[in-house]
Amino acid sequence: MPKQEKADAFVTEITPRSEDFSRWYLDIVRRAELADYSPVKGCMVIRPYGYAVWELIQQAFDAEFKKTGHVNAYFPLFIPESLLHKEAEHVEGFAPQVAYVTHAGGEELEEKLVVRPTSEAIIGTMYAKWIQSWRDLPILINQWANVVRWEKVTRPFLRTTEFLWQEGHTAHETHEEAERETLMILDLYAKVAETVMAMPVVKGMKSESEKFAGALRTYSIEALMGDGRALQAGTSHNLGQNFAKAFDITFQARDKSVQHVWGTSWGVSTRLVGGVVMTHGDDSGLILPPRVAPYQVVIVPIGRDNWRETVLPKAQEIQQQLRSAGIRVTLDERDERPGWKFSEWELRGVPLRVEIGPKDIEKSAVLVARRDTREKQSLAMDGLATRIQQLLDDVQRTLFDRARTFRDEHTQRVSTYEEFKQVMEGRPGFVIAPWCGSTDCEAQIKNETQATIRNMPRSGAPGGTCIRCDQGAIAEAWFAKSY
RNA sequence: CGGGAUGUAGCGCAGCCUGGUUAGCGCACCUGACUGGGGGUCAGGGGGUCGCCGGUUCGAAUCCGGCCAUCCCGACCA
């Protein structure tokens, strides 16, 4: 096969982003070996490379939770059906998505068990036992767990029947304190998303129809993906006293009265892995921000038939140097051609590639290629680790800036409904518009444009009238088509 | 859950309409040689219950029915 034809054949294994974003995403997930389909509908296998990305995301969040006084625990996968039914809105919200265990040990169970879709019910039940006095508060517990929500339409990472996440559940003395916690976590989510995953997000409050079933109010961070659709990247709920009342979680207050606690819950999931893919990837594959890259640097030795003798020792030396500087590095000493390796690691999104061959060794230098800009530069071996670290920081920053610029360029403020519709049909993204607060208007807008309110960043009336009706606006809402 | 499409080797596909020996092609894989700074060349080789179950037929990848899975578009959700 001629060279060009061959290159094209390779490229067809990844659908171009502009041609079919959805297919592009699936191609990346599969070809970069992030995940694979399993024999169970809607359930994916997270492969080692994808899991490594998740672990880095997980570690970043976990460190922040601990810094802010939270501790980890683990609650059961199974929840007696009756517990789930204690909070009316909560059951209603989750009922269609719940999986049940009806038989076990060869017998039908007396009470069906629910496979947790989320853990408010079981955790609330335990909190009721553990909390007596205001001195027991606040309780700040997080758990890393799997949950199951029966989904009709699934996509790897973005929506799967079983997924991994973190769910924080806290109990407080006052409403103010619970609200402070809810917002503090929202800030924390935004910080990790932006600084670690290089994914710019919009923080704001969800509309009534989009809030968590059983919550007083829900806040979210929303990110804009490469196709102009928004991804809900994390949610933080102020539960008020709803669950405390349903599960009878009470404490004796400082003034001797008995009161219900004020709760919060909040979570981020493996969906974030999909978010990273769709925020940064290009037609050559994945682009990973250094802070979530399992390998931040790949070293590719180059040389003649004797490269194992002439080049490899130097490559190993460099690997050692970078490794002891705390950089995640791998050395590709497979017996493949260099060009093949380049493409392979680009597909996998490794931020920096170090090429080392005879010419470099002569100059006591290496060639470093960036995944984000594809620039190559020669760097002296002396002090390489420091320069590499600087480059990694620069890639991290560049990816964030690029994503933020994209987001800003795809965010428009509109004042008429005509404009609104035009934007949604033309170049989708966020549309900022005043909204009257009516669920009806919200539903109509969704009907007519497919766009939903992602969230409302600022509280307080913006002035002016609703984009769809003539009522006074209660908030400025960020609309978008969503995942 | 409705509408549409697809399922043949690890990946991408042809064959199916019009049923007929051992089911093909490219890439990938294995062996060897030459190679090596952007997906190499040559030679030889391995790999398939044609998604599953049933039916029609002398005979099914091919026709019919059911089921399952995946993808796309809609209704519901981290």
Side-chain angles (χ1 to χ4, degrees), chain A residues 1-15 20-23 25-27 30-31 33 36-44 93-98 117-118 146-167 189 206 209-213 218 220-222 231-237 265-275 284 300-308 310-311 335-347 353 355-361 366-367 369 374 376 378 443 446-447 450 452 481-483:
Chain A
M1 196 188 297
K3 201 167 183 180
Q4 188 50 47
E5 219 174 289
K6 181 132 190 171
D8 290 347
F10 169 73
V11 168
T12 56
E13 290 179 39
I14 301 175
T15 308
D20 185 341
F21 191 86
S22 191
R23 196 167 290 277
Y25 171 77
L26 294 167
D27 287 345
R30 189 170 43 82
R31 291 271 294 130
E33 297 184 357
D36 201 356
Y37 295 101
S38 78
V40 186
K41 181 183 168 69
C43 295
M44 64 171 174
F94 280 103
Q97 290 188 284
V98 164
T118 177
N146 59 338
V147 286
V148 168
R149 296 181 187 178
W150 220 253
E151 295 286 354
K152 289 165 182 169
V153 179
T154 60
R155 318 179 73 187
F157 293 110
L158 302 177
R159 173 164 297 110
T160 48
T161 298
E162 178 188 9
F163 58 93
L164 305 184
W165 75 346
Q166 137 300 294
E167 47 179 326
Y189 280 173
K206 284 290 197 183
S209 63
E210 296 265 340
K211 77 168 193 198
F212 177 71
T218 290
S220 73
I221 52 170
E222 303 279 337
L231 184 77
Q232 179 171 301
T235 49
S236 185
H237 318 290
S265 70
W266 27 275
V268 297
S269 73
T270 34
R271 168 179 278 187
L272 290 175
V273 177
S284 300
V300 178
I302 289 158
R304 307 282 161 151
D305 50 357
N306 61 345
W307 65 270
R308 282 186 186 276
T310 55
V311 178
D335 205 8
E336 298 285 358
R337 301 181 59 91
W340 189 89
K341 293 181 183 177
F342 295 171
S343 303
E344 171 82 3
W345 291 109
E346 279 168 10
L347 168 64
R353 177 178 71 240
E355 301 174 25
I356 175 162
K359 287 186 237 163
D360 307 290
I361 293 175
V366 295
L367 203 59
R374 294 180 183 275
K376 286 189 182 189
S378 184
K446 182 176 180 184
N447 253 331
Q450 291 181 11
T452 52
K481 294 180 188 173
S482 78
Y483 272 95

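Keep in mind that what you see is a predicted model, and the values were worked out from it rather than measured. In what follows, chains are A, B, ... by sequence order, proteins preceding strands, each numbered from 1.
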Expressed in angstrom and rounded to an integer, what is the separation of [X] atom [atom1] from [N] atom [atom2]?
X: A:Asp335; N: B:rU41; atom1: CG; atom2: C1'; answer: 15 Å
X: A:Asn447; N: B:rG74; atom1: CG; atom2: P; answer: 12 Å
X: A:Trp340; N: B:rA28; atom1: CH2; atom2: P; answer: 9 Å
X: A:Arg337; N: B:rU41; atom1: CZ; atom2: C1'; answer: 9 Å
X: A:Asn306; N: B:rG36; atom1: CG; atom2: C1'; answer: 11 Å
X: A:Ile14; N: B:rC27; atom1: CD1; atom2: P; answer: 19 Å
X: A:Ile302; N: B:rG37; atom1: CD1; atom2: C1'; answer: 5 Å
X: A:Lys481; N: B:rG74; atom1: NZ; atom2: C1'; answer: 12 Å

Across the strands shown, which category fits [X] at heavy-atom distances under 4.0 angstrom: base, sugar-phosphate, nothing?
X: A:Glu210; result: nothing
X: A:Lys359; result: base
X: A:Gly267; result: nothing
X: A:Glu355; result: base
X: A:Arg308; result: nothing
X: A:Pro96; result: nothing
X: A:Lys376; result: base

What does [N] pair with, Watson-Crick or G-U, if both distances are under 3.5 Å?
N: B:rG26; answer: B:rC11
N: B:rU18; answer: none
N: B:rA5; answer: B:rU70
N: B:rC50; answer: none
N: B:rA75; answer: none
N: B:rU62; answer: none
N: B:rU56; answer: none
N: B:rU41; answer: B:rA33

Ignoring backbone atoms, test whether A:Gln97 places a side-chain nitrogen or oxygen under 4.0 Å from the OP1 or OP2 oxygen of B:rC76.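 For B:rC76, neither OP1 nor OP2 has a side-chain N or O of A:Gln97 closer than 4.0 Å.
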Establish, with yes or no, whether the OP1 or OP2 oxygen of B:rG38 is under 4.0 angstrom from a side-chain nitrogen or oxygen of A:Arg374.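 So the side chain of A:Arg374 is outside the cut-off, no N or O lying under 4.0 Å from OP1 or OP2 of B:rG38.
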If we take the [atom1] atom in both [N] and [M], what is their distance in whole Å?
N: B:rA23; M: B:rC16; atom1: C1'; value: 12 Å
N: B:rG66; M: B:rA5; atom1: P; value: 15 Å
N: B:rU22; M: B:rU18; atom1: P; value: 24 Å
N: B:rA61; M: B:rA14; atom1: C1'; value: 12 Å
N: B:rG7; M: B:rC52; atom1: P; value: 13 Å

Should the side chain of [X] and the base of [N] be counted as holding a donor-acceptor pair, with the cut-off at 3.5 Å?
X: A:Glu346; N: B:rG38; result: yes
X: A:Lys152; N: B:rG2; result: no
X: A:Arg304; N: B:rG37; result: no

Just wondering, do A:Phe163 and B:rA78 stack (centres under 5.5 Å, planes under 30°)?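 Here A:Phe163 meets both the 5.5 Å and the 30° conditions.
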Here's one to test your reading of the geometry: is the NZ or CZ of A:Arg353 within 45 degrees of the ring axis of A:Phe342 and under 6.0 Å from its centre? yes
Residues in salt bridge (Lys or Arg N to Asp or Glu O under 4.0 Å) with A:Lys481, at least two apart?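 A:Lys481: no salt bridge (Lys or Arg N to Asp or Glu O under 4.0 Å) contacts found.
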Mind listing the N/O atom pairs, protein and nucleotides 67-72 of chain B, below 3.5 Å?
from   : atom 1 : to       : atom 2 : distance (Å)
B:rU70 : OP1    : A:Gly42  : N      : 3.0
B:rU70 : O3'    : A:Tyr37  : OH     : 3.4
B:rC71 : OP1    : A:Tyr37  : OH     : 2.8
B:rC71 : O2'    : A:Arg23  : NH2    : 2.9
B:rC72 : OP1    : A:Ser22  : OG     : 2.1
B:rC72 : OP1    : A:Arg155 : NH2    : 3.1

A:Pro358, nearest nucleotide to its side chain (from B:rG37, B:rG36, B:rG74):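 Minimum distance to the A:Pro358 side chain belongs to B:rG37.
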By nearest atom, which of the nucleotides B:rG37, B:rA78, B:rC11 is closest to the A:Arg30 side chain? B:rC11
Using a cutoff of under 3.5 Å, can you pull out all pairs of nitrogen or oxygen atoms linking the protein to nucleotides 44-51 of chain B, with atom names and distances?
none

